[in-house]
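All chains are named by letter (A, B, ...) in the order of the sequence lines, taking the proteins before the strands, and each is independently numbered beginning at 1.
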Number of protein chains: 2
Amino acid sequence: MQRPARTITRIQRKNTAAILDAALEVFSAHGFRGATVDQIAKAAGLSKPNLLYYFPSKEAIHAALLDGLMETWLDPLRAMDEAGDPLEAVLGYVRRKLEMSRDFPRESRLFANEIIQGAPRIGPNLSGELKELVDQKAEVIRHWIEDGKIAEINPHHLIFSIWALTQHYADFDVQVHAVLGGDHVDPYPEAQRYLETLFTRLLTP
Amino acid sequence: MQRPARTITRIQRKNTAAILDAALEVFSAHGFRGATVDQIAKAAGLSKPNLLYYFPSKEAIHAALLDGLMETWLDPLRAMDEAGDPLEAVLGYVRRKLEMSRDFPRESRLFANEIIQGAPRIGPNLSGELKELVDQKAEVIRHWIEDGKIAEINPHHLIFSIWALTQHYADFDVQVHAVLGGDHVDPYPEAQRYLETLFTRLLTP
DNA sequence: GCCTGTTTTGACCAACTGGTAAAACCGACG
DNA sequence: CGTCGGTTTTACCAGTTGGTCAAAACAGGC
């Protein structure tokens with residue numbers, strides 16, 4: 001047994017952090033099966049057995065990453081509440097989600113890999129925690145529509161479209177850059193303007 | 001050397017087709033590295049050496065799939081031309097793209113896997129063939145805007161958003177179904193209505 | 001029923017994979 | 001100094017992986 005509950009040493013904190021960062025890099029770039037423990041260990045500056053001293057298995061590293069991610073990922077949606085101007089609330093959610101794509105593209109790709117491959121490890125979370133939160137927020141949106149504060153629209157698909165549009169810039173990053181030409185271009189400023197226009201036109205009654 | 005140019009026998013046609021179909025199934029579900037030749041062979045009803053009699057390597061099967069895919073994938077965009085009503089042209093493209101997500105989700109996921117993982121095998125195609133086509137179509141959209149036929153919008157990001165929104169229903173299929181509840185729900189009819197509304201409101205001057 | 005080219009198989013291999021065991025190392029503390 | 005917990009390394013293993021090869025089985029035209 002490793003990492004006895006005694007005390008968490010400085011070395012432990014540093015190494016587990018390095019491992020998780022390296023694992024994020026490798027898993028997000030190759031998927032679970034495509035990633036190897038050796039790759040992760042090398043990226044973390046450790047030997048394979050040393051890495052396995054901190055985490056019992058490859059599976060455990062992946063699980064640790066996904067666990068930490070789920071919450072962070074849903075926080076912006078939680079923050080979209082009934083108070084204030086509805087359009088501004090949606091635009092705020094879009095903006096925050098787009099910022100996450102810009103600042104945490106690896107996390108987005110980790111998630112995308114998991115979902116595309118059938119969500120074998122977080123399926124339950126999707127139809128549990130996630131569905132509940134989305135249903136709840138869809139209800140909020142429905143109220144806004146009923147009160148005539150935003151134009152009529154399908155709330156669930158509105159949320160899907162926010163996910164699709166914002167995550168696209170992280171997940172399909174290579175394609176976006178290839179199509180826009182030089183790699184020196186930062187697509188995000190224009191993406192934000194575009195998405196603000198899109199959702200404003202979509203939701204203005 | 002296999003598959004000598006002589007004549008393509010019935011068996012060859014049947015087996016290569018079975019292999020490509022099986023490979024599509026496996027690659028789209030696990031990514032390139034995550035897929036094994038044995039899996040593909042079993043799915044195609046062949047032994048591994050027998051499969052390798054038809055294709056020289058795992059790499060070659062994957063390449064054959066991607067080659068065939070690129071054209072099919074871009075066809076709907078090519079079909080979006082200057083003639084006719086601009087809004088109808090865009091909506092037609094959206095509709096066709098959404099149908100592809102519904103009818104060929106495996107192809108969509110194969111593509112998504114490749115791009116998310118950094119497009120190691122079709123990078124050149126993206127900044128070549130793809131970029132050219134997109135630039136050309138962006139020019140068409142720019143004309144529509146100049147002529148006041150549709151509202152002002154960034155053409156490149158408009159195309160990105162069509163990709164993102166339509167492919168989302170294939171690539172994130174599991175999530176969509178999980179959130180919408182029962183698996184017996186078909187999200188596509190509502191998705192089409194939603195996307196038509198979205199792009200109509202976005203582009204109507 | 002024989003012959004020629006095609007297809008399939010079984011046995012095999014070297015490299016890689018996730019994971020283990022045990023010994024060696026290291027710094028703190030008595 | 002010694003020793004004790006935490007840490008790292010070395011050596012190793014069994015299973016899997018992509019791929020090869022020679023020989024066997026099979027087709028179909030004569």
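- The side chain of A:Q12 places no N or O atom within less than 4.0 Å of a non-bridging phosphate oxygen (OP1 or OP2) of D:dG6.
- Between the CZ atom of A:R13 and the C1' atom of D:dG6 there is a distance of 15 Å, given to the nearest Å.
- Here the C1' atom of nucleotide C:dT8 and the NZ atom of B:K42 are 17 Å apart, to the nearest Å.
- Within the structure, a side-chain polar atom (N or O) of B:N15 is placed less than 4.0 Å from OP1 or OP2 of C:dT8.
- Here the side chain of A:K58 pairs no donor or acceptor atom with the backbone of A:T36 at under 3.5 angstrom.
- For B:A17, there are no side chain to side chain contact (heavy atoms under 4.5 Å, CB included) partners, not counting sequence neighbours.
- The closest side-chain heavy-atom distance from A:K97 to A:W73 is below 4.5 Å.
- Under the 4.5 Å side-chain criterion, counting only non-hydrogen atoms from C-beta, B:F32 is not in contact with B:L66.
- Salt-bridge annotation for A:R142 and A:E139: present, with a side-chain N of the basic residue lying under 4.0 Å from a carboxylate O of the acidic one.
- When the side-chain nitrogen and oxygen atoms of A:Y54 are compared with OP1 and OP2 of D:dT8, one or more of them lie within a distance under 4.0 Å.
- Among residues at least two apart or in separate chains, salt bridge (charged side-chain N to carboxylate O under 4.0 Å, His left out) pairs with a member in residues 23-52 of chain A are A:E25-A:R106.
- Residue A:Y53 places no side-chain N or O under 4.0 Å from the OP1 or OP2 atom of D:dT8.
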Exercise. Would you give a per-nucleotide map of nucleotides 9-28 of chain D, 5' to 3', where B means the base has a protein non-hydrogen atom under 4.0 Å away, S means only the sugar-phosphate does, and - means neither?
Key: BBB-----SBBBB-------
